[in-house]
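Letters A, B, ... mirror the listed sequences (proteins, then strands); counts begin at 1.
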Number of protein chains: 2
Amino acid sequence: MAATIKDIARRAGVSTATVSKVLNRKDSVIGDETRQKVLSLARELNYTPNSLARSLVTRKSHVIGIIVPDILNPYFTELVRSCDDAARLRGYTTLVCNSEGIAEIETAHLTSFGGHRVDGILLAASDVVPDTELLDALRIPVVCMDREIGPLAQLVGIVDTDYRSGAYQATRHLIEKGHTRIAFLSGAPHRSNTQIRLSGYKDALSEAGIAFDPDLIRCKEFQHRFGHQATLDLLDHTSFSAICCMNDMLAIGAMVALRERGKRVPEDCAVIGFDNIYLSPLLEHPLSTVDRRIAHSGRVATDALIDFLDDADRTLTAVTITPTVVSRTTT
Amino acid sequence: MAATIKDIARRAGVSTATVSKVLNRKDSVIGDETRQKVLSLARELNYTPNSLARSLVTRKSHVIGIIVPDILNPYFTELVRSCDDAARLRGYTTLVCNSEGIAEIETAHLTSFGGHRVDGILLAASDVVPDTELLDALRIPVVCMDREIGPLAQLVGIVDTDYRSGAYQATRHLIEKGHTRIAFLSGAPHRSNTQIRLSGYKDALSEAGIAFDPDLIRCKEFQHRFGHQATLDLLDHTSFSAICCMNDMLAIGAMVALRERGKRVPEDCAVIGFDNIYLSPLLEHPLSTVDRRIAHSGRVATDALIDFLDDADRTLTAVTITPTVVSRTTT
DNA sequence: CTGAAAGCGCTAACAA
DNA sequence: TTGTTAGCGCTTTCAG
């Protein structure tokens, strides 16, 4: 059995209260020899405080719950990694859950966060509509990491990306390269996630005097499989010389489809992505994309949450990241 | 404040013990109306058990600690994801930590696992030599996920991959394609991880009557940057027609270097990887590689651990995964 | 400067 | 069938 504060107290001939004080650096009032005795005993017994017991009384778990749709998606892998790094730097541990983009699963995770008494929640809702009632009932501070969500009492931060601008820039980039028939791939069609991006796409088109053609639009989900499938479908039903993908995995899927059909990138068809995941420069054709500063946004979100938790900043933090085009070889 | 068992007890006019019994399905002995009253009250008050308190008394946290070098590496992303899935299926939660491949960091995480009273540990030690003394002192069951580690009292499972066979098969695959000058890229040279693979490589060569040439060997770390750098270096200093990479990220890095130097894959130089990460078929040149059943191994490791924890199987589980070559377009 | 006592929310015998 | 009691390991007033 692991040593407890009691073991130390007994051997040191002091009370557990004293040991606790020493161990928590609340020892300004503690005698020097007592402190030394306790400290050396702690080392000797290989003492590690039981954080369950500690959290129970302090009502602070120093754990942050993170929800993402799927950590396998490189975008979320990077996001989670940067959140975790930022959290550890400030003494917090991270509990990561995958919602699969399914509201019920997200809800279950949120409930479990409540049970584990996490101090705060970092939420990448993506395409799912979170149960805001639950979120409110939980009374746990929340920071949204990828988009706004409905009104929420416990919302203490939003790290938003200017998707409209990103999509606009991507489209414009393609237009400047001379394309006029530009296909558009994105996630769930009715979600703001997609609608906002679509508006940026349309803005760029109309600005250039190009008519919007709904036949060029394919919206369903943010996964490479869909990028692949949609591109094949596009190839079969219409003509175009560029694809504007609303994330990099979609772009990767699109390029696979293009290759299968013998199309060269960018000669026969240009491709641009969105996110700038760390893989995009490593592809055989390094991917042109829209950089959204993934690691930075994770860090900012985490810091905002912890600032709030640690009482450093009790106001709502709202940060909007303006993405920028990174032109590589696929456009 | 979240409702507690006490709140329910008071309103239901019963004792907390009774409430606890109902809520834990130890209610075979509980009166029907009492049960109903408690259950409906629990729902009404939106009761969620405090798992900290529960774990403190039951001495079971239902949390499993996972250590990997870096979750950004797709191999570990997949591994962690499959462990997490398997764990949740059995009622466990997962606490994931990145060791960065640095022993001190791994040690810090292990210590923190002790503090959090995790029930078991899933360890992907990779190139780091774990502090087996600490591990023993912790008295927490451990399953190794990618290789064996030294003698360990608390070791309850090993999921090993037959690296020798994998490297042998990869090399042989290349030889069968007509290559004789085959470069070899791997991680830390003095680690078993690399040495075992190297022996497979050598076996295949000697079997084919090809002399081993140390100039073709580059071992340092398992990251794409090194794959890139090593390939450039190889290109500058020797000649070869194939590269045998001991993980897929190395292969991706190598292919970038090859492209930069105007070499075509596989015409000018064949490349084979190791791991079969989910990205490898998605590359522009789908990567030939050695499949090691990542998700399967994570599942097996997790199940072995939980079997032990749940008392279903108190013997040491030792599984060796035999990898197989997947031939795609780069060889 | 140190200790006694209470209690965080829950479970687990043992009584009743 | 239900309640009483004790206690998990720790922190935190409040006395001494």
>> Please list all pairs meeting salt bridge (Lys or Arg N to Asp or Glu O under 4.0 Å) that have one or both residues in residues 39-57 of chain A, counting only residues at least two apart or in different chains.
In response: none

> Could you give the CZ-to-P distance, from B:Arg59 to D:dG7, as a whole number of Å?
Replying inline: 13 Å

> Does OP1 or OP2 of D:dT11 have a side-chain N or O of A:Ser20 closer than 4.0 Å?
Replying inline: yes

> Is the phosphate of D:dT11, meaning OP1 or OP2, less than 4.0 Å from a side-chain N or O of A:Thr58?
Replying inline: no

>> Applying side-chain contact (heavy atoms from CB on, under 4.5 Å), can you list everything that pairs with B:Thr315, at least two apart in sequence or on another chain?
In response: B:Asp313

> Can you name the side-chain hydrogen bond (donor to acceptor under 3.5 Å, both in side chains) partners of B:Thr161, sequence neighbours left out?
Replying inline: B:Arg292

> Which pairs count as salt bridge (Lys or Arg N to Asp or Glu O under 4.0 Å) when at least one residue sits in residues 4-20 of chain A, sequence neighbours excluded?
Replying inline: A:Asp7-A:Arg10

>> Going by the rule ring pair (Phe, Tyr, Trp, His ring centres under 6.0 Å), which residues pair with B:His62 if we only count those two or more places apart in sequence or in a different chain?
In response: B:Tyr92

> Can you list every salt bridge (Lys or Arg N to Asp or Glu O under 4.0 Å) pair that touches residues 100-122 of chain A, not counting sequence neighbours?
Replying inline: A:Lys60-A:Asp119, A:Glu100-B:Arg81

> Quick one: side-chain contact (heavy atoms from CB on, under 4.5 Å) partners of B:Gln36, sequence neighbours excluded?
Replying inline: none

> If an axis is fit to five pairs at each end of the helix from C:dC1-D:dG16 to C:dA16-D:dT1, what is the angle between the two, to the nearest 10°?
Replying inline: 40°

> What are the residues of residues 2-14 of chain A, sorted by number, that bring a heavy atom to within less than 4.0 Å of DNA chain C?
Replying inline: A:Gly13, A:Val14

Distance-only criterion, 3.5 Å: show the donor-acceptor pairs between side-chain atoms of residues 131-140 of chain B and protein atoms not counting sequence neighbours.
residue, atom, partner, partner atom, Å
B:Asp131, OD1, B:Glu133, N, 3.1
B:Asp131, OD1, B:Leu134, N, 3.0
B:Asp136, OD1, B:Ala153, N, 2.9

> Taking NZ from B:Lys37 and P from D:dT2, how many angstroms apart are they, rounded to a whole number?
Replying inline: 9 Å

> Is A:Thr34 near enough to C:dT2 that one of its side-chain N or O atoms lies under 4.0 angstrom from OP1 or OP2?
Replying inline: yes

>> Please list, in numerical order, the residues of residues 42-51 of chain A that have a heavy atom closer than 4.0 Å to any atom of DNA chain D.
In response: A:Tyr47, A:Pro49, A:Asn50

> Among all residues two or more places apart in sequence or in another chain, which pass the side-chain contact (heavy atoms from CB on, under 4.5 Å) test with A:Ala86?
Replying inline: A:Arg299, A:Thr302

